[in-house]
Every structure is written in C-alpha cells, then in structure tokens.
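Quick notes on the structure that follows.
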Amino acid sequence: MVFSNQQHSYLQKLMKLSWTSFKISIAGAKLSHLAQKDRIWDHGSMIEQAKSTFYKVQKALKNGDVESLRKNLTSFCYETFLQSWRLNNRTLESRSMNTIIKELVIIEVKPGKNNRPDKFIALIKGYTGQVNDHPVKFAEEWAFVRQGDWWVLNEIR
C-alpha cells in the first residue's frame, strides 16, 4: 500500500499520539501502586511540582536570576543550566516570554534502586512567543529526581 505525503504525516502523528497515550497509561498504573506505599508519588502533587518548577524557570529566565533556581534543580542540572544561560543569554531570555502550558502529563515513573533516586518524567507542551502572529509550539520532557521528600529537576530534553 502506498500513502501520500499527507497520509504518511497523519499516520506518524497518530502513532506518536498512541505511543504517548500508552506511556501515560503505564505511568498512571505504576503511580497508583507506588502512591499506596509513599505519598511522594501522589500524581497531583507531582504535576503541581512540575508546573511550579516550569514557571520558576521561566521567571528566572525573564528576570535573569538563575541563582533563584538552585534549590529546585539538581547540582548537575543547575550547572548545565548556568552554562547554557551564560552562552545563550538572549535565546533563553526570548524563550521565557509569554510561555503558556497547554498540557502537562507524567509519561514515566521509576522507583529508585541500586543507589539511583526515584524519578519521574513529565511531558510539557505549550506555546511560547509568536512568529508572524502565530504562537510557537514546544514540547519538552522534564526529568525530576527525588531528594528527600522533594522532587527536583534533573534534566530537560
């Protein structure tokens, strides 16, 4: 069977949507089980922590106050973020203007083992800025790790 470019593009989007939905379902099932053992795995609290951290990063970018993020990021993430900030100040600053989250879902959870911390990954989709009167879409995966009774950002992909 031969597909047109438009059909092929549609099928790719459909497959990606299905894969994301599948990952969300698996994460949800794991969370239900983990939350029974430890309150840190509360789905609502994890979503709020991801959203709060996202907006703190946006505010820090806008104000140029990267130091304010130190307690919300792992030391590795903070140093990486600081280097990127210094190298690409204008790019990061423009990324922080008028950013709106349209969707934030947990797509992966991993309980810690072998000295690795608990971890979850949130998929964040939204809009930032405008080009030619059209909002610019973004989709990022934010990985959080557990430090004590707190989730901190470890990586942005």
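These figures come from a predicted structure and were not determined experimentally. The chain is numbered in sequence order, starting from 1.
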*Applying side-chain contact (heavy atoms from CB on, under 4.5 Å), run through Glu141 and Ile107 and close with a yes or a no.*
CA-CA 9 Å; Glu141 291 182 4; Ile107 60 170; 3.6 Å; yes

*In sequence, state the C-alpha distance, the side-chain angles, and the governing distance for Asp65 and Ser68, and then conclude on side-chain contact (heavy atoms from CB on, under 4.5 Å).*
CA-CA 6 Å; Asp65 182 18; Ser68 67; 3.2 Å; yes

*OG of Ser75 to CG of Asn154: how many Å apart, nearest 0.5 Å?*
8.5 Å

*Tell me, please, which residues at least two apart from Ser52 pass side chain to side chain contact (heavy atoms under 4.5 Å, CB included).*
Lys56

_For the NZ atom of Lys110 and the NZ atom of Lys119, what is their distance to the nearest 0.5 Å?_
5.0 Å

*asked:* On a heavy-atom basis, which atom in Phe120 and which in Val109 lie closest, and how many Å separate them?
replied: CB-CG1, 3.9 Å

*Quick one: are the ring centres of Trp142 and Trp151 less than 6.0 Å apart?*
no

*Heavy atoms only: give me the nearest Lys71-Val152 pair and the separation to one decimal.*
O-CG1, 3.7 Å

*Would you check if the side chain of Arg146 reaches a backbone N or O of Gly148 as a donor-acceptor pair within less than 3.5 Å?*
yes

*Do you know which two heavy atoms are closest between Gly112 and Asp118, and how far apart they sit?*
N-OD1, 2.5 Å

*Of all residues at least two apart in sequence or in a different chain, which pass the side chain to side chain contact (heavy atoms under 4.5 Å, CB included) check with Leu104?*
Ile47, Ala50, Lys51, Ile101, Ala122, Ile124

*With sequence neighbours excluded, what pairs up with Glu103 under the side chain to side chain donor-acceptor pair (under 3.5 Å) test?*
none

*How long is the gap from CG on Asp42 to CD on Glu48, to the nearest 0.5 Å?*
10.0 Å

*How long is the gap from CZ on Arg157 to CD on Glu140, to the nearest 0.5 Å?*
11.5 Å

*Give a yes-or-no answer on whether the side chains of Glu67 and Tyr78 include a donor-acceptor pair shorter than 3.5 Å.*
yes

*Do the side chains of Val145 and Leu123 join up, straight or via other hydrophobic residues, at under 4.5 Å, putting them in one cluster?*
no

*Evaluate side-chain contact (heavy atoms from CB on, under 4.5 Å) for Phe144 paired with Thr53, printing each intermediate quantity in order.*
CA-CA 10 Å; Phe144 291 82; Thr53 301; 3.8 Å; yes

_For Tyr127 versus Pro135, what's the shortest heavy-atom pair and its separation?_
CD2-CB, 3.5 Å

*Report the distance from atom CZ of Phe54 to atom CD of Gln58, rounding to the nearest 0.5 Å.*
4.0 Å

